[in-house]
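Structure, as structure tokens:
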There are 2 protein chains.
Amino acid sequence: MYRGRVRTTLPVIACCEPLTRAPLGVDQAVTLAARLKALADPARLRLISLLAASPTGDVCVCELTGPLGLSQPTVSHHLKVLHEAGLVTREKRSTWAYYSVVPEAFDALAQVLAPPR
Amino acid sequence: MYRGRVRTTLPVIACCEPLTRAPLGVDQAVTLAARLKALADPARLRLISLLAASPTGDVCVCELTGPLGLSQPTVSHHLKVLHEAGLVTREKRSTWAYYSVVPEAFDALAQVLAPPR
DNA sequence: CGCGAATATTGACAGCCGTCGATGCGTGCG
DNA sequence: CGCACGCATCGACGGCTGTCAATATTCGCG
């Protein structure tokens with residue numbers, strides 16, 4: 001069974017060929033599903049878009065709770081999930097935590113989802 | 001709140017720009033998350049790859065339960081989820097049901113996930 | 001040192017999800 | 001007609017998940 005969270009941060013660029021090549025092994029499917037699951041949430045998608053839309057490319061948590069309309073612990077939770085999936089990076093500057101997207105991860109995902117032909 | 005399944009089949013090609021443009025509205029985020037959530041499961045990812053790997057492009061349910069190691073009801077359930085998300089089509093021929101992938105849907109997803117720059 | 005601010009962690013709770021066995025439904029065949 | 005087969009649906013169950021309030025942690029500053 002594939003149940004059970006993937007705890008450690010996923011390898012920078014994870015898996016596999018275009019998804020529509022060979023019949024995806026169990027392990028690859030689990031890994032890819034974990035990363036997609038991290039994305040498959042409205043709040044996290046909006047977080048990603050907010051990070052990407054920033055001129056500087058990184059945003060501190062305090063600027064994210066407002067636009068999302070979620071509590072600070074919840075935002076921290078979502079950012080942690082995204083971080084563990086290797087989709088964002090965290091940089092702490094004194095008391096503030098600045099998050100930014102990892103373009104390579106999204107590039108890899110886009111290629112995996114590339115349609116046949 | 002965004003809770004609650006998206007019941008009807010999603011529009012053939014759903015949303016939005018590259019995800020890394022404008023700060024994604026709530027509705028768009030919910031729609032996109034629904035489609036990603038349909039993909040974010042190991043069994044369903046393997047189903048997709050099995051469908052895509054078929055020479056004819058379509059596979060009947062009876063040929064899918066074996067490779068996946070899941071019961072027939074479970075496989076039917078996953079195919080239903082994929083169908084409601086607009087990721088696969090179903091065609092019934094007498095007693096058999098043949099499923100195939102919808103390339104346009106994956107193309108759209110790949111473009112939405114395209115990284116910044 | 002001690003306070004305040006920004007985050008992270010914990011605990012709790014309600015709702016969703018993947019899985020299976022049992023059952024229903026439609027179709028072709030003898 | 002009646003049976004067998006392929007598939008979908010139902011009901012149930014255990015585990016996971018998103019959310020918040022409360023609390024812990026870390027850091028700068030006076």
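Throughout, a chain's letter reflects where its sequence line sits, starting with A, and its residues are numbered from 1.
Contacts of residues 59-67 of chain B with DNA chain D (heavy atom under 4.0 Å): Cys60(B), Val61(B), Cys62(B).
Atom CG of residue Leu32(A) and atom CG of residue Leu109(A) lie 6.5 Å apart, to the nearest 0.5 angstrom. Here the CD atom belonging to Glu63(A) is positioned 6.5 Å from the OH atom belonging to Tyr98(A), to the nearest 0.5 angstrom. Summarising the geometry, atom CG belonging to Leu47(B) is positioned 5.0 Å from atom CG belonging to Leu79(B); distances are rounded to the nearest 0.5 Å. To the nearest 0.5 Å, the span separating CZ on Arg44(A) from NZ on Lys37(A) amounts to 10.0 Å.
Heavy atoms of Tyr98(B) sit nowhere under 4.0 angstrom from any nucleic acid atom. As judged by a 4.0 angstrom heavy-atom cut-off over every strand, Arg90(B) is placed among residues touching the sugar-phosphate backbone only.
Counting heavy atoms from C-beta on, the side chains of Val81(A) and Leu87(A) never come closer than 4.5 Å.
Using a 4.0 Å cut-off, some side-chain N or O of Tyr99(A) falls inside it from OP1 or OP2 of dA8(C). The phosphate of dT9(D) (OP1 or OP2) has a side-chain N or O of Lys80(B) nearer than 4.0 angstrom. For His77(B), a side-chain nitrogen or oxygen approaches OP1 or OP2 of dG18(C) to under 4.0 Å. Checking the phosphate oxygens (OP1, OP2) of dA8(D), a side-chain nitrogen or oxygen of Ser76(B) falls inside 4.0 Å. Contact annotation: Arg93(A) does not reach the phosphate of dC27(D) (side-chain N/O to OP1 or OP2, under 4.0 Å).
Classification of Arg93(A) and Asp58(A) as a salt-bridged pair holds, one side-chain N sitting under 4.0 Å from a carboxylate O.
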Which pairs, protein N/O on one side and nucleotides 20-23 of chain D N/O on the other, fall under 3.5 Å?
{"unit_1": "dC20(D)", "atom_1": "OP2", "unit_2": "Ser71(A)", "atom_2": "N", "d": "3.1"}
{"unit_1": "dC20(D)", "atom_1": "OP2", "unit_2": "Ser71(A)", "atom_2": "OG", "d": "3.0"}
{"unit_1": "dC20(D)", "atom_1": "OP2", "unit_2": "Thr74(A)", "atom_2": "OG1", "d": "2.7"}

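Taking hydrophobic clusters as Ile, Leu, Val, Met, Phe, Trp and Tyr residues chained together by side-chain heavy-atom distances below 4.5 Å, Leu50(B) shares a cluster with Leu36(A).
Between the CG atom of Leu45(B) and the P atom of dG18(C) there is a distance of 11 Å, rounded to whole Å. Asp41(A) has its CG atom 12 Å from the C1' atom of dC16(C), to the nearest Å. Computed from coordinates, the His83(B) NE2 to dC7(D) P distance equals 15 Å when rounded to whole Å.
A donor-acceptor contact shorter than 3.5 Å is absent between the side chain of Thr74(B) and the backbone of Leu70(B).
Here the shortest heavy-atom pairing between Val88(B) and His83(B) reads O-ND1, 3.2 Å.
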